[in-house]
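This report refers to the structure that appears directly beneath it.
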Amino acid sequence: MAALTPTVLPDVSAPAHVPGRPRRVRVWRGVVLVVAALYFLAPLLASFIFTVNDPTQGFTLDAYGEIFPADGFAQSLLLSLGLAVATIVVVLALTLPAMLAVRLSAPRLRPVMEVVCTLPLVVPPITFVAGISTVLRWGPDYLATTPFYQTVMAIQNPSFPVVLVIADVVLALPFVYRALDSGLGAMDVRTLVEAARNCGASWPHVVFRVIIPNLKSGLASASFLTLALVLGEYTVARLLGFQPFSVWIVTVSGANAAMSVAVSIFSLLLTWLLLLILSTVGTRQRSGP
Amino acid sequence: MNGARVEFRGLRRTFGTAVALDGLDLTVEPGELIALLGPSGCGKTTALRCVAGFERPDAGAVLVDGDDITRVPANRRDAGMVFQSYSLFPNLNARDNVAFGMRVRKAPAAKRHARAAELLELVGLPTHGDRYPHQLSGGQQQRVALARALALEPRVLLLDEPLSALDAKVRVTLREEIRRLQLSLGITTIFVTHDQEEALSIADHVAVLKEGRLEQSGPPAEIYDRPATPFVAEFVGTMNHLPGRLSGDEVEVIGQRLPVQGHTPGATDVDVLVRPETVLVTPAEDGEALVVTSSFRGSSVRLLLRLDDGTEILADLPGHDATRLAPGGRAGIRLVERPVLVAPRTAAPVEVLTAAE
Ligand SMILES: Nc1ncnc2c1ncn2[C@@H]1O[C@H](COP(=O)(O)OP(=O)(O)OP(=O)(O)O)[C@@H](O)[C@H]1O
Ligand SMILES: [Mg+2]
C-alpha cells in the first residue's frame, strides 16, 4: 500500500519529459522498475494462478464466481466501506479546522499537534484494543443507571459499530496529518485566508471556497490513506468482535482456500480502483478546465 | 471623491517583547495616497494590517471617516488590500479571482463577469481573464490582485509592498499605473514601502516611521528637503556627515558658514548633514579635494571626494561632468548656501552615510 501512495500525495508538477536525460539514468530507471514490478507482480500472479488453476478441471473462474454469493460478503464489504466513509468524514472534519487554527493563530503549538497526531503510530494496536475493550466493559457497570448506558450500547451496534469509527479515526490520524500538512505547506495559507477575508468572506466560506479547493490533492491522499487503512484494519475489529471485510476474509479462508485468495485479489483490485478514482479527483484541479 | 479619511490614534501593538507599533498617530486625508516609509521592522505592515483587520491593536484605535473600526471583523471592513506575496487564489482564473468578493456578496453571475472584465481592462489585462495564476507573470498577478482589491469599490486601498517581488522596470511602470488609477478613482490609499524613491515619486504624503512611531509626515519634497530629524534625513536619500562647529545659529563647515535648520544639539562639535547634490564640485588644479572614485549613473555621476584632513564627501553631478572629474584629479568644493541640519557628532570622526541606498 505504501508503495502506491505517492501517486496521490500533493502533485509536484514535475516536467513530464526531460529531453537528453543521461542514458545511464534511464537504464537504471528501467532496472529499478523491473525489480520492483517483479517484487509486486510475482506474488500477485502466483495468487491468481492458484485461484484459476484447479488440479482436476484445469482453468476455471469458479473461485471468483463463488465470492459474490458467499455468505456475509456483501454485508461485510458494505460495512467496511461505510466505516471508511464515516471515518474519512470524521477525521477530516476534526483535523482540517484544527490544523488551520494552529497554523493561523498558534503556530507555536504545531510541534505539540504533530506529536499528538503521530502517537497512534507508536502505540501498538493490541494495546489500543485492550484499552478500548476495557472501557467498553467498564462502561455498562458504572453507567447502568445513567443515559450514557444507551450510548455505550449504541456505539457497539454490530450493524454499524461507531466504536470502530472512533478507533479508525485515531489510527488514521498520523497519515491524515501528514497528508494535510504537506498539502497546507504547499500553499501560503495565511495570505490566501487574509485575501479571502479581505474580500468579505466569512470563515466557513474561506474554508469551503478557498482552502478546500486548493487542498484537493492533500485531501484526496488523506482520504485514500484512511480508506486503505479502514479496509485493511483487522486487529481492532477482530478483537472487539465485529465483522468488516478484513475479518470476513480471514473467516472464509478457513473454509475455501482458493476463494479466500480470490477475495484478496478482488479486494486489492477494488482498492486500486478507489485509489484511481481518488487520485483523479485530486489531480484534476491542476490541469484546470 | 470616494475616499475615506483614515486615522491612526495612539496605535500600539506588541508581539511578546517586540514592540511593533508604539503609539502611532497619523491621519490620511480622503483621496490621498500616503506612503508609509521606514526601515525593516518599524511596524509598517503591522499598521496596515490594523486597518485591514488582521491585527488587533493592544491600545489605540483606527478610525475610518470618524468611526472606530478597531473591533470590526476583517470581512466587514471597507478596505481592499494587495499583499506583498502573490495572493491570488490558485484554483480560480483571473476573472474569478477579481469576482471573488462579488461572489461572496452573491452578485448575479452576469454582473460579476461584466465588472471583472471592466476591472481587468482597468489594470491593463483585458485578455487575461481566462488565465490561471500560474499562467501569469509576477507583475500580471499583482495587477489582478489590484483589480480584486478594487472590485468591491472600497473606500480605502491598502498596498503592502505590492511591487517588491517585481523587477525594477515593471516596478516603475506598475507604480505609475497604481498612481494613475488611484487619482482617477479618488480612493484613499496607504502604500507601504521601504523604497524611498518609490515613496517620493508617487505619494501625496510620505510618513516616515521609526520603531513603531511616526517620525515625520509631509509632502515628498518637504521630507526630502526639510527633514525634521536626522533619522529622516538619513533614511530618505543619501546624506554626507561633515564635521562642523556651531557658532550661534550658524555652523562652520569646510570653510563655509551656513545657517542651521531645526534644533541644535548642546555640543559645539557637530555633524553637518549635506545632500550630495548640494555639493558643488569644480575641477581645479589647486582644489582642496581629491576625486577618489566616480560612479557613472547615466544622467548623473556620483563622486567620492577626499579632503586633505581625511573627510570624505559624496557629490552628485550631471552625468556630462564625469569626464572633467576623473578619479585622481583635484577639485574645488563648495556647498550650496541653504539651511542645513546638524546632528550630534558620531563616534567616528569621518563617516559617509549612504543609508537606504
Ligand atoms: N506575527 C508576529 N509575531 C511576532 N512578531 C511580529 C509579528 N508580526 C510582526 N512582528 C514584529 O513586529 C515588528 C514590526 O513588524 P512589521 O512586519 O510591521 O515590520 P515592517 O515595517 O513591515 O518590516 P518590513 O519592511 O521588513 O516588512 C518586527 O519587529 C516584527 O518582528
Ligand atoms: Mg512588511
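The sequence lines fix the lettering, A, B, ..., with proteins before strands; numbering per chain opens at 1.
Remark: B/Ile178 CD1 to B/Leu33 CG distance equals 8.5 Å, nearest 0.5 Å.
Residue B/Arg49 touches chain A through its side chain alone, counting heavy-atom pairs closer than 4.5 Å. At a 4.5 Å heavy-atom cutoff, B/Leu92 makes no contact with chain A through either its backbone or its side chain.
Options A/Val206, A/Asp188, A/Val210 differ in how many heavy-atom pairs under 4.5 Å they form with chain B, and the most are formed by A/Val210. Listed options B/Phe54, B/Phe89, B/Tyr86 were ranked by heavy-atom pairs under 4.5 angstrom with chain A; first place goes to B/Phe54.
The six-membered or imidazole ring of B/Phe100 lies near that of A/His205, with a centre-to-centre distance under 6.0 Å.
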Stepwise side-chain hydrogen bond (donor to acceptor under 3.5 Å, both in side chains) test for B/Arg179 and B/Gln182: CA-CA 5 Å; B/Arg179 175 59 164 165; B/Gln182 185 268 336; 2.9 Å; yes
Test side-chain hydrogen bond (donor to acceptor under 3.5 Å, both in side chains) applied to B/Asp195 and B/Thr193, step by step: CA-CA 5 Å; B/Asp195 181 340; B/Thr193 178; 5.4 Å; no
